[in-house]
Participant: 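One structure coming up, written as structure tokens, with questions to follow.
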Amino acid sequence: MDPAQAGDAMTTLFALCDCNNFYASCERVFQPQLNGKPVVVLSNNDGCVVARSNEAKALGIQMGAPFFEIRDLAECGDVHAFSSNYVLYGDMSSRVMATLSLFTPNIEVYSIDESFLDLGNFYKKDLNEYCWEIKRTVQQWTGIPISLGVAPTKALAKVANKLAKKSQKAKGVLVLTDPHHLAEALKATQIEDVWGVGRQYAKLLRRHGVSTAYDFTQKNDAWVKKHMAVVGLRLVKELRGESCLELEELAPPKKGICTSRGFGERLTEYSQIEEATASYAATCARKLRKQGSCARVMTVFLQTNFFSEREPQYSNSRTITLPVATNSDLELIHYASLALKSIFRPGYRYKKSGVFLTEIVPNYQIQYDLLDKVDREKHNSLMETVDRLAARYGRDIVKVAAQGLDPLWQMKCERRSPCFTTRLSEIPIVYIE
DNA sequence: TCTGGGGTCCTAGGACCC
DNA sequence: TCTGGGGTCCTAGGACCC
């Protein structure tokens, strides 16, 4: 093999593509009158700001700001605030990812609004022009604006992406392959902006004279390993251009599945909390079935509001090992109620409960119990039917009676936009006893 | 009054065994 | 009963991500 070819075969190249202000952009796609206006999207229960349009950022609204701080702005119409609409965002995300996969056969969907593209075979193309073509196409086909950063490793692609967004000149696309450009980019990147460096590591690094990504690459491996373990070592190598993180095209099955939410209002009655917790258990069950697995260990937790200092506080959890791993709504709800009953104490105003499943195994690896009295075949076929109905008519079309009829605990989302892209169900809900 | 939810990976330390 | 080393498994906690 001639040396030039050998070189090519060794060279990696990744693009990190991320949707600008994703949730806010989704809200704007179907309401173009919001273009150019400040838009924010709120967390569950309309608690705090989780996404902001550029105009909202310019107003000084911070990520994570509690909604009550900007309520006045929203009420007089200076800011358009939306409850989060995950059905809409999930659907828009699929459209973006489908469009991106037309540009390379190898893509890793990293989160709802980010993906890595393997551009290893595209070195000879005009990369800048190719990225612009990707950006234009996604904008045209989905209405979502994206930014692209391209570099030889995933961590460097993240650096490139951040600068692509920040730089007036780049306007959303930055290709970093030249070593001098890479060094400049690392010098222009503050250490806390590096992927994998959180608050604690940033503090530690600054204490040791590291203030930019470039400074970090100058630290020796032994020091990095000692203070930041193998994860830190991998990161510093990636920043020096040595690719250690591969593209993960197939998401591995989850090892833990959790569903927990704050209640729409404080709850004091056991029966209401039981309904909410039953619903969380059913959501966990649906997540399990979606990835083709069952869980054997369940933890249920319950807590009051830690923020309100004057009220009496209580929190507790109970972990149960099930006789046989399962993904049935009925069984998981049954055990969730048992666990909840054992930790519930009257006399508190509760804020939140949750269900957490572990020891997750594929459906085909379940250990059965000789004394098992549950008719598993019947449960499976019931759940299959429930999932089919849900896929056709919407998630809550069929549910277990324990989940309740008119739940007081349901999240507050007073500012939800319509589900523009998915069917709205008009069929009455069916309950399984 | 109001302050999100759902994950991953790694390490240290203790229990236990040979 | 004490001495020592080495291995495995489990758990709790800390760090990070979006």
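Throughout, a chain's letter reflects where its sequence line sits, starting with A, and its residues are numbered from 1. Predicted model, so just to flag it, every value in this text is computed and none were measured.
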Participant: Classify A/S84 by what it touches in the nucleic acid, base, sugar-phosphate, or nothing, heavy-atom distance under 4.0 Å.
Facilitator: nothing
Participant: So A/F103 and A/Y130, would you call those rings parallel, tilted or perpendicular, with 30° and 60° as cut-offs?
Facilitator: perpendicular
Participant: Could you tell me whether A/F307 contacts a base, only the sugar-phosphate backbone, or nothing, with contacts defined as non-hydrogen atoms closer than 4.0 Å?
Facilitator: base
Participant: So what does A/K412 hit on the nucleic acid, given a heavy-atom distance under 4.0 Å: a base, only sugar-phosphate, or nothing?
Facilitator: nothing
Participant: Does the side chain of A/F263 reach to within under 4.5 Å of the side chain of A/S353, using non-hydrogen atoms?
Facilitator: yes
Participant: Would you check if there is a donor-acceptor pair between the side chains of A/Y270 and A/E275 at a distance under 3.5 Å?
Facilitator: no
Participant: Any chance the side chains of A/S147 and A/N20 put a donor and an acceptor closer than 3.5 Å?
Facilitator: yes
Participant: One thing to verify: whether A/E265 and A/K351 come together as a salt bridge, which I'm taking to mean a side-chain N less than 4.0 angstrom from a carboxylate O.
Facilitator: no
Participant: Using a 4.0 Å heavy-atom cut-off, does A/E114 contact any base of the nucleic acid, only the sugar-phosphate backbone, or nothing at all?
Facilitator: sugar-phosphate
Participant: Nearest to the side chain of A/K254, heavy atoms from C-beta on, is which of B/dG7, C/dC18, B/dG6?
Facilitator: B/dG7
Participant: For A/K187, look at atom NZ and say whether over 12 heavy atoms of other residues, nucleotides or ligands are found less than 6.0 Å away.
Facilitator: yes
Participant: Hey, is the side chain of A/K158 poking within less than 4.0 Å of OP1 or OP2 on C/dC18, counting only N and O atoms?
Facilitator: yes
Participant: Can you tell me how far P of B/dT11 sits from CE of A/M228, to the nearest Å?
Facilitator: 13 Å
Participant: What is the distance, to the nearest angstrom, from the CG atom on A/L245 to the C1' atom on B/dT8?
Facilitator: 13 Å
Participant: Go through B/dG7, B/dT3, B/dT11 for me and flag the one nearest to the A/V230 side chain.
Facilitator: B/dT11
Participant: Salt bridge check: are A/E359 and A/K255 linked by an N-O gap of less than 4.0 Å?
Facilitator: no
Participant: Just N and O in the side chain of A/K352: are any of them under 4.0 Å from OP1 or OP2 of B/dG4?
Facilitator: no
Participant: Pick one: which of A/F216, A/W223, A/Y201 meets ring-ring contact (aromatic ring centres under 6.0 Å, His included) with A/H208?
Facilitator: A/W223
Participant: Can you give the dot-bracket line for DNA chain B, using ( ) for pairs inside the strand, [ ] for pairs that cross earlier ones, | for pairs with another strand and . for unpaired bases, where Watson-Crick and G-U count if both distances are under 3.5 Å?
Facilitator: ....||||||||||||||
Participant: Just checking A/D113: base, sugar-phosphate only, or nothing, at a heavy-atom cut-off of under 4.0 Å?
Facilitator: sugar-phosphate
Participant: Using whole Å, what does the distance between atom P of nucleotide C/dC16 and atom OH of A/Y110 come to?
Facilitator: 13 Å
Participant: From CD of A/E414 over to P of B/dC2, roughly how many Å is that when rounded to an integer?
Facilitator: 14 Å
Participant: Which class fits the ring pair A/F420 and A/F30: parallel under 30°, tilted 30 to 60°, perpendicular over 60°?
Facilitator: parallel
Participant: Using a heavy-atom cut-off of under 4.0 Å over every strand shown, decide if A/L42 touches base, sugar-phosphate, or nothing.
Facilitator: nothing
Participant: Taking only the side-chain heavy atoms of A/S260 (C-beta and beyond), determine which of B/dG5, B/dG7, B/dC10 contains the nearest atom.
Facilitator: B/dG5
Participant: Side chain of A/A229 only, please: which of B/dC10, B/dG6, B/dG7 is the nearest?
Facilitator: B/dC10
Participant: Indicate the ring-plane relationship of A/Y314 and A/Y348, choosing parallel, tilted or perpendicular according to the 30° and 60° boundaries.
Facilitator: parallel
Participant: Please report the interatomic distance CG(A/L117) to CZ(A/F122), rounded to the nearest 0.5 Å.
Facilitator: 9.0 Å
Participant: Base, sugar-phosphate alone, or nothing: which one does A/G262 contact when heavy atoms must sit under 4.0 Å apart?
Facilitator: sugar-phosphate
Participant: Want to settle it: does A/K225 or A/K351 sit nearer the 5' end of DNA chain B, counting the closest nucleotide to each?
Facilitator: A/K351
Participant: Nearest of B/dG7, B/dT3, B/dG5 to any side-chain atom of A/R266?
Facilitator: B/dT3
Participant: Between atom CZ in A/R349 and atom C1' in B/dC2, what is the gap in whole Å?
Facilitator: 12 Å
Participant: In whole angstrom, what separates A/F22's CZ from C/dC18's C1'?
Facilitator: 12 Å
Participant: Got a sec? Which of residues 188-212 of chain A come in under 4.0 Å of DNA chain B, heavy atoms?
Facilitator: none
Participant: In this structure, how many angstroms lie between the P atom of B/dG4 and the CD atom of A/Q62, rounded?
Facilitator: 16 Å
